[in-house]
Structures are given as structure tokens and as C-alpha cells.
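In what follows, a structure is listed as C-alpha cells, so that the remarks can point back to it.
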Amino acid sequence: MDSESLLNHINELHKDIIINSELITDVPTIEVKPEHWVEVCSSLKKDVKTNLHSISNYGAVDYREKLGGFQLVLTIFSHKHKHRVTVKTLVPAQGDEEPEIDTVTTVWLSADWFEREIIELFGVKFKGHPDPRHLMLDDDWDEGFPLRRGWTGTDFIVKPEM
Amino acid sequence: MGVISKLPVYMEKVPGGGILTTTAEKFFNWSRASSLWYMLFGLACCAIEGLMATGASRYDFDRFGMMFRASPRQADLMIVAGTLTHKMAKRVKILYDQMSEPKYVIAMGGCANNGGPFYYDCYSVLKGVDKIIPVDVYIPGCPPRPESVLEASLKLQEKIKKQKLGEWSASTE
């Protein structure tokens with residue numbers, strides 16, 4: 001299946017759920033609402049034609065000022081069909097809020113460490129995560145979420161304008 | 001014949017050998033400087049240059065009496081080779097405290113000196129290893145050549161040979 005027919009197939013599969021869908025550098029990219037996040041993910045894994053069984057990449061972007069929330073970007077890969085799909089969702093958040101969304105570790109267990117990193121660096125909480133400890137940062141880190149825009153901490157030196 | 005030419009203050013020849021007379025200070029400094037055992041401990045890419053390449057046969061650290069030890073209890077010298085993150089800084093402090101006196105530290109590369117390429121806009125890297133432990137010799141470079149690590153160890157030996165007896169214990173305070 002080429003990328004376009006894959007995108008059409010996914011669009012048919014979740015007709016009323018997908019907000020936005022496009023091909024980005026030949027990768028089918030879909031955007032869904034946060035309440036359909038786990039539902040879409042698990043059906044993309046279970047569907048025979050997509051069969052997206054493993055996570056390539058899973059991260060977050062701070063779009064609080066631009067779009068009003070944190071965007072989760074999940075790229076998943078099928079070893080059987082050799083194709084990949086990107087799924088995005090926007091978790092609404094304002095200011096210092098720590099928004100919450102359902103975990104996808106129930107779908108792929110390997111999402112565990114990706115979500116732990118998003119928890120500590122962006123402050124997005126995952127409901128039902130099996131082990132929400134810090135991954136990279138020290139256990140007693142208490143200076144907030146360093147990858148949020150405008151974050152500063154002790155020993156943090158902002159690069160002056162050149 | 002380094003011992004005979006550098007160490008003695010007075011040498012008396014007896015048949016079949018000789019008696020060397022020297023000061024305790026000179027003797028201790030000479031033996032400390034000549035067998036600096038460094039800790040086998042690397043943090044980042046500098047460890048490949050500073051510990052592995054320099055320690056291997058091409059650059060041959062051994063000829064200055066530098067041998068790696070896998071335990072801080074047996075080490076005299078800590079070469080902080082690489083980027084020191086805040087998380088690792090606590091562990092480095094513990095390792096430094098576990099080393100027995102007299103102990104010396106070489107900060108190797110830009111990251112260990114002052115944060116290097118991670119100085120600006122970085123939340124995770126400590127800006128210089130001298131914020132947690134005292135440093136004797138700094139080596140610039142990213143990463144430094146093995147020759148500069150050898151040069152640094154010679155500089156450290158010079159420093160050790162100049163120290164007074166009991167002086168090193170003041171560094172722990």
C-alpha cells in the first residue's frame with residue numbers, strides 16, 4: 001500500500017474523529033482530539049491493513065501560545081508493511097497548568113519511557129501510566145519543566161543576542 | 001638514572017653500591033609524582049581521547065607512572081573527562097570523597113572546564129567541575145589531543161614536586 005492509499009484507508013477507518021489529515025514528506029499524518037487519542041491509536045495497531053506495531057518516535061511540542069496547548073506527536077511503524085504513520089493531538093493547557101491525557105502504554109508498552117520523558121520535561125500528565133517517575137532528570141529535581149518555553153532555573157544562562 | 005641524578009642531597013659511595021641521603025619531603029613528593037594512579041572514570045567523548053587513546057600503547061601513559069585503577073580507593077588522580085550533568089555531579093562528588101589523600105583532579109576539555117558548548121541555554125549541565133571539587137590542572141580543547149593530556153600530567157607532577165609536607169591535607173577543608 002502506498003502512502004496515499006494508506007492515508008485514505010485511515011481516513012475511512014476514523015471518519016468522524018480525524019480533524020486534519022495530510023501527507024508530510026510522504027508520511028500520512030493525522031490529527032485527532034485528545035479524547036479519541038487512545039481509541040485511534042489502538043485501532044491503528046489492531047487494524048490488519050495498518051498493523052502499526054511499534055513506536056518510532058514519541059514527543060511533545062510546547063504550542064501554548066500558538067495553539068493553546070501541548071501537541072503530542074507520535075510516529076508509529078509497521079514492520080510487516082514497512083510503512084509509518086504520524087498521529088498528533090493537542091492537549092489544551094494555559095500558563096503553568098499541568099494538563100492530563102490518557103496513556104498509550106495500554107496500547108504499546110514501549111511508550112513507557114517516552115511518556116516519562118514528556119512528563120518530566122513538559123509537565124503533561126498521563127492518566128494510568130504504570131511508572132511516572134523521572135527518567136532523565138534527577139529524582140529530587142524541583143525546578144519545573146525545562147523544555148517549556150520561557151523556562152529559567154538556577155545555573156541557567158540565556159544566550160545573549162549576538 | 002633519574003633517582004640518582006634528581007633525588008639525593010648527598011650520596012656516599014660504598015663498595016658495591018651507595019647510600020643516598022635526602023629529605024623526607026623530597027622523597028615523598030618524588031614517589032607521589034612518579035606513580036599517579038588515575039581513576040578509570042569517563043563521562044563523555046573526552047574519555048575516548050583522555051583515558052582510552054592516551055592510556056593505550058600509542059601514547060603510553062604508563063611511562064609517566066600513570067596506571068588506571070578501577071576503584072576510587074586506590075586512585076590518586078581523577079581525570080574528569082567530559083560533560084558533567086547536574087545528575088552526575090552528585091555521583092562525582094561521592095567518588096571524589098571516596099578517594100584517599102593525597103588526591104588530585106584534572107579537568108579535561110571545555111565541558112569540564114566551564115560547560116563548553118553547553119554553557120548557554122542548557123538546563124542539565126554543570127558549568128564547570130570546579131563548582132563541586134577543587135581542580136589542579138585544566139586542559140582546554142574539545143576534545144583535547146592525547147599530547148595535551150600528557151602535558152597536563154607533567155604539569156601536575158611539577159606541582160606535586162613543589163608541595164610542602166602536610167600541605168595537601170589542607171585541600172580537604
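Letters A, B, ... are given to chains in the order of the sequence lines, protein chains preceding strands, and every chain is numbered from 1. This one's a predicted model, so the numbers in the text were calculated from it and none came from an experiment.
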Margin query: Test side chain to side chain contact (heavy atoms under 4.5 Å, CB included) on A:Asp138 and B:His86; report intermediate values, then the result.
Written below: CA-CA 8 Å; A:Asp138 212 347; B:His86 286 298; over 6 Å; no

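B:Met39 and B:Val135 fall within the same hydrophobic cluster, where Ile, Leu, Val, Met, Phe, Trp and Tyr residues are linked whenever their side-chain heavy atoms come under 4.5 Å apart, directly or through other members. Residues A:Phe145 and A:Leu72 do not share a hydrophobic cluster, clusters being chains of Ile/Leu/Val/Met/Phe/Trp/Tyr side chains in contact below 4.5 Å. When the side chains of ILVMFWY residues are joined at heavy-atom separations under 4.5 Å, either directly or via intervening members, A:Leu13 and A:Leu74 end up in two distinct hydrophobic clusters.
Contact count against chain B (heavy-atom pairs under 4.5 Å) is highest for A:Asp155 among A:Val158, A:Asp155, A:Asp140. Of the residues considered (B:Ser124, B:Cys122, B:Gly115), B:Cys122 shows the highest number of contacts with chain A, using heavy-atom pairs under 4.5 Å.
Of all heavy-atom pairs spanning A:Ile157 and B:Lys127, the tightest one is CD1-CE, 4.2 Å.
Only the side chain of A:Leu147 comes within contact range of chain B, with at least one heavy atom under 4.5 Å from a heavy atom of that chain.
For CD of A:Glu4, the number of neighbouring non-hydrogen atoms (other residues, nucleotides, ligands) closer than 6.0 Å is 12 at most. Within 6.0 Å of NZ in A:Lys45 there are more than 12 heavy atoms belonging to other residues, nucleotides or ligands. In A:Asp131, the CG atom is crowded: over 12 heavy atoms of neighbouring residues, nucleotides or ligands sit closer than 6.0 Å.
The pair A:Asp139-B:Lys90 does not count as a salt bridge, with every side-chain nitrogen at least 4.0 angstrom from each carboxylate oxygen.
Put simply, the side chain of B:Tyr123 does not reach to within 4.5 Å of the side chain of A:Thr152, judged on heavy atoms.
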